[in-house]
Structures are given as structure tokens and as C-alpha cells.
Amino acid sequence: MTMTAPPPGKKLNRIGLELQAYRGSKTTLCAGCGHNSISERIIDAFYEMGVDQRRVIKLSGIGCSSKSPAYFLSGSHGFNAVHGRMPSVGTGAMLANQKLIAIGVSGDGDTGAIGIGQFVHLMRRNLPIIYIIEDNGCYGLTKGQFSPTADLGSKLKNGVLNDLPPIDTCALAIQLGATFVARSFSGDKKQLLSLLKAALAHRGTVMLDVLSPCVTFNDHEGSTKSYSYVKDHDEPVNEVSFVPSFEDIAVDYEPGSTQEVTLHDGSKLYLKKLEEMYDPTDKLSAMRRLLETSRRGEFATGLIYIEPDRDDFMTLLNLIDEPLATLPLSKVRPPKAALDEIMESLR
Ligand SMILES: Cc1ncc(C[n+]2csc(CCOP(=O)(O)OP(=O)(O)O)c2C)c(N)n1
Ligand code: SF4
Ligand SMILES: [Mg+2]
């Protein structure tokens, strides 16, 4: 393929596309909503990784967050499911065509309330999907009621205090078996972009909880999901640098202070330890850190837990590589004749 030189100022990625090609429709969310910044980082990550959008399926449920797939990757497939039901639709899509790259965007209400049953079983299966929770601690679309991730004692705009403890979606995902669990903040461009690019190189369930303030209903004094609270209480567990397999970059790091993790496609993650004892490959260490930070009213961010080598759901099911969606009838097992025979025997 011959490629013409890009217009001045326009940089093409490794598949010859400019950033613009990864955008979607113009956002209809409120100006300043954290969800918009997350869409921007998704656009950056897919562009920088040179992903072919025709292989991508965008999935979501219902909520302001779940509207956001319309605002990125206009060239990919998409399915906007009903409230809290994105995991089962995503599971079906991946079983039908395991060559897809699945990215799901949900909200803390969509995941933690109506969708919690589906979320729990998705996390157990290690289905290859990037599952993002745009976490604002409230139901933005229905005017800001507390969601299950709202912190104990946090205050609504009208002064009502939350008297229930929160669900920590990262702790839940780790306990249930997700193999890449991270937390970030919509305002932390660098950390979020590195995590999203690493997520694209991981084969298995990525659960990425992104604190994403709702400027209209949950950005006031007394909220623990406001821009100012999250900025002041962000406690990164590591500094995440990502080197994709197609870039031959030698990284100079001090052994002992940086942990190197090789991902499914050969890409590398370099995790600069900000704390001597933190090891994101150790479940106990990860769970302890989440509990300790939440007790202090802080948010642990960065790569919280990773298990790069566990078999994904398709491998467990022993599926053939060829997508079921395009498998010719002659290759389907058991063959049609065997099924006809069984039906005949039941007459
Ligand atoms: C079955 C059903 N129940 C309730 C609703 C009303 N509803 C729409 S969005 C939403 C919650 C959205 O909260 P979240 O997932 O946190 O998204 P956000 O708007 O905060 O981004 C609710 C309860 C619905 N659409 N469908
Ligand atoms: S209501 Fe809140 S969550 Fe919804 S678009 Fe506006 S700022 Fe974002
Ligand atoms: Mg919400």
C-alpha cells in the first residue's frame, strides 16, 4: 500500500490513519463532565495503538456514561444494551467472534446497582473485554441520586447524607477473578492513557474504574467524587509506563524500584514502585491497599492488580480460532447429521 504524505500538522498512526478518524459524534454530555475526558483518552489510545476499528465492538448499558460510545470510534461496531445488561451482550458477541476487540463503557449505577449480577459473572470468566466504569458516585442521567459507589457520609447537593457503605468495584473485580484491575481519574491524562493502551495489549478481563466527576449533580463541597476531592485524595500505587510490542524502545530503569510485566502481545508495562511493599501481581497486597486507602478516605489509583498469563474464557471453552459467526456448517460439531439422528430417535 502506498501512503501519501500527511497534510502538515497531521500525524498518521501505524495503519495510516489520523487521530480524527477515531472520533465519534459530537458529545451531548454537559461541558466539563469527566466522561468526555475519558472518551478523549479512548480516542488517543486506539489511535496510538493503531487499532483497526472494524475489529472493535463498543458496548454499553444506560446512563450518561453509557451514551459515550457514540462519541468515539465512529468506524466500529456498537451495541447499546438495556440498563445493566451490557456484560451478557458482550459475552455473546465475543463468543460469536473472538477476533473482536470489545470495549464496554458503563456507569457506577449501571454496574453497581441494576447490573451487579451480570458484572459479577463477567468478572469471574476472564472474558477478553475492556470494561470501563465511569464512576461519579451518582445516577447522572436521572438527576444525581446516590449510586452504590457513593462513599459513606458523602453529601448530595440538597444536603442529604449517604448512610450506606460503598461497593469498591476494584476490590470486587479482583476477588472475583478479573485479571487486569486498575483505577484512574478522568483528569489524569497520562495515567489513564497508559492504562488504556496496556488494556488493549491484555488478553482477559480488564476492569478499569475511572473516577469521573459529574459537574452538574456531584461536584460540590461534601461530595467525595468532586474534582477537588479526587485531586486531593488520589494516592497512586505505581507510575505506569507502557511500551507497545511494535515499538522497539529500550527503557532504562533501576532494578528493584520498577517492576516489568510482559503482556499477552509482547508489549511491556514498567511499573515504577511508589511504595516499597506494593506488588500488583499479589492479590492480598492489592486488596489490603484498597481497604487501607478507602479507610483513610483516599483513592488508590494506577495498576492495582494484574495476572497476565491466565487463560481467557475462550481458551477455557476450547473454542476454535475461527469465529463461530462465520464458521461454515460443514465444520460445525456435532455435525447436522448427528443432530438429525438424535431427533429421529425421539420420534
Ligand atoms: C430498567 C431501568 N431502570 C431504571 C432506569 C433509569 N435510569 C436511567 S440511567 C440510570 C442510572 C445511571 O447511572 P450511572 O450508570 O451511574 O450513569 P451516569 O448517568 O451517572 O453516567 C437509571 C437508574 C432505566 N433507564 N431502566
Ligand atoms: S449530568 Fe453529570 S454525568 Fe450526566 S452529562 Fe452532565 S455532568 Fe456528566
Ligand atoms: Mg454514575
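Values reported hereafter were calculated over all heavy atoms of this structure, with side chains retained and with hydrogens, waters and symmetry mates removed.
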>> Let's go through Gln98 and Leu319 carefully: what are the C-alpha distance in whole Å and the side-chain angles of both, what is the deciding distance for side-chain contact (heavy atoms from CB on, under 4.5 Å) to 0.1 Å, and is it a yes or a no?
In response: CA-CA 9 Å; Gln98 59 170 310; Leu319 282 190; 3.7 Å; yes
Just checking [X]: does its [atom1] atom have more than 12 heavy atoms from other residues, nucleotides or ligands closer to it than 6.0 angstrom?
| X | atom1 | value |
| --- | --- | --- |
| Asn158 | CG | yes |
| Arg23 | CZ | yes |
| Glu341 | CD | no |
| Lys283 | NZ | yes |

Side chain to side chain, [X] and [Y], heavy atoms closer than 4.5 Å:
| X | Y | value |
| --- | --- | --- |
| Met277 | Ser285 | no |
| Val237 | Arg289 | yes |
| Gln259 | Thr281 | yes |
| Cys138 | Cys214 | yes |

>> Assess whether a salt bridge exists between Arg295 and Glu292, defined as any Lys/Arg side-chain N lying under 4.0 Å from an Asp/Glu carboxylate O.
In response: no
> Would you call Arg296 and Glu235 a salt bridge, taking side-chain N to carboxylate O under 4.0 Å as the test?
Replying inline: yes
>> For Tyr305 and Asp279: C-alpha separation, side-chain torsions, deciding distance, then whether side-chain contact (heavy atoms from CB on, under 4.5 Å) applies.
In response: CA-CA 8 Å; Tyr305 178 69; Asp279 176 6; over 6 Å; no
> For the atom pair NE2 (His233) and NZ (Lys225), what is the distance rounded to the nearest 0.5 Å?
Replying inline: 12.0 Å
> Could you give the distance from CZ (Phe119) to CD1 (Ile114), rounded to the nearest 0.5 Å?
Replying inline: 15.5 Å
>> With side-chain contact (heavy atoms from CB on, under 4.5 Å) as the criterion, how do Lys273 and Thr258 come out once you've worked through the C-alpha distance, each side chain's angles and the decisive distance to 0.1 Å?
In response: CA-CA 6 Å; Lys273 289 189 184 183; Thr258 305; over 6 Å; no
Sub-3.5 Å donor-acceptor pair from the side chain of [X] to the main-chain atoms of [Y], do we have one?
| X | Y | value |
| --- | --- | --- |
| Gln118 | Ser88 | yes |
| Asn238 | Val240 | no |
| Ser154 | Ala150 | no |
| His77 | Arg54 | yes |

> Where do Asp232 and Glu298 come nearest, in terms of heavy atoms and distance?
Replying inline: O-OE1, 4.3 Å
>> I'd like to know whether the aromatic ring centres of Phe146 and Tyr139 sit less than 6.0 Å apart in this structure.
In response: no
>> For the aromatic rings, using the six-membered ring if either is Trp, is the centroid distance between Tyr22 and Phe46 under 6.0 Å?
In response: no
> Checking side-chain contact (heavy atoms from CB on, under 4.5 Å) for the pair Ile103/Ile57: CA distance, chi angles, key distance, verdict?
Replying inline: CA-CA 6 Å; Ile103 176 165; Ile57 179 160; over 6 Å; no
>> Among Met123, Met207, Arg125, exactly one meets side chain to side chain contact (heavy atoms under 4.5 Å, CB included) together with Leu176. Which residue is that?
In response: Met123
> Cut-off 3.5 Å, side chains only: do Ser194 and Gln191 have a donor facing an acceptor?
Replying inline: no
> With under 30° as parallel and over 60° as perpendicular, where do the rings of Tyr229 and Phe299 fit, or are they tilted in between?
Replying inline: perpendicular
Going only through I, L, V, M, F, W and Y residues with side-chain contacts under 4.5 Å, is there a path from [X] to [Y]?
| X | Y | answer |
| --- | --- | --- |
| Val210 | Tyr227 | no |
| Ile132 | Phe185 | no |
| Ile43 | Ile38 | yes |

>> Could you tell me if Lys143 sits above the aromatic ring of Phe217, with its cationic atom closer than 6.0 Å to the ring centre and no more than 45 degrees from the axis?
In response: no
>> Could you walk me through whether Lys11 and Glu18 satisfy the salt bridge (Lys or Arg N to Asp or Glu O under 4.0 Å) test, starting with their C-alpha distance in whole Å, then the side-chain angles of each, then the deciding distance to 0.1 Å, before giving a yes or no?
In response: CA-CA 6 Å; Lys11 212 171 138 225; Glu18 57 185 64; over 6 Å; no
> Asp209 and side chain to side chain donor-acceptor pair (under 3.5 Å): which partner among Thr169, Thr149, Thr111?
Replying inline: Thr169
>> Tell me which one of Asp168, Thr301, Thr293, Asp234 satisfies side chain to side chain donor-acceptor pair (under 3.5 Å) with Arg183.
In response: Asp168
>> Under the criterion salt bridge (Lys or Arg N to Asp or Glu O under 4.0 Å), I'd like the reasoning laid out for Asp52 against Arg55: C-alpha separation, chi angles, the key distance, then a yes or no.
In response: CA-CA 6 Å; Asp52 180 351; Arg55 282 188 57 205; over 6 Å; no
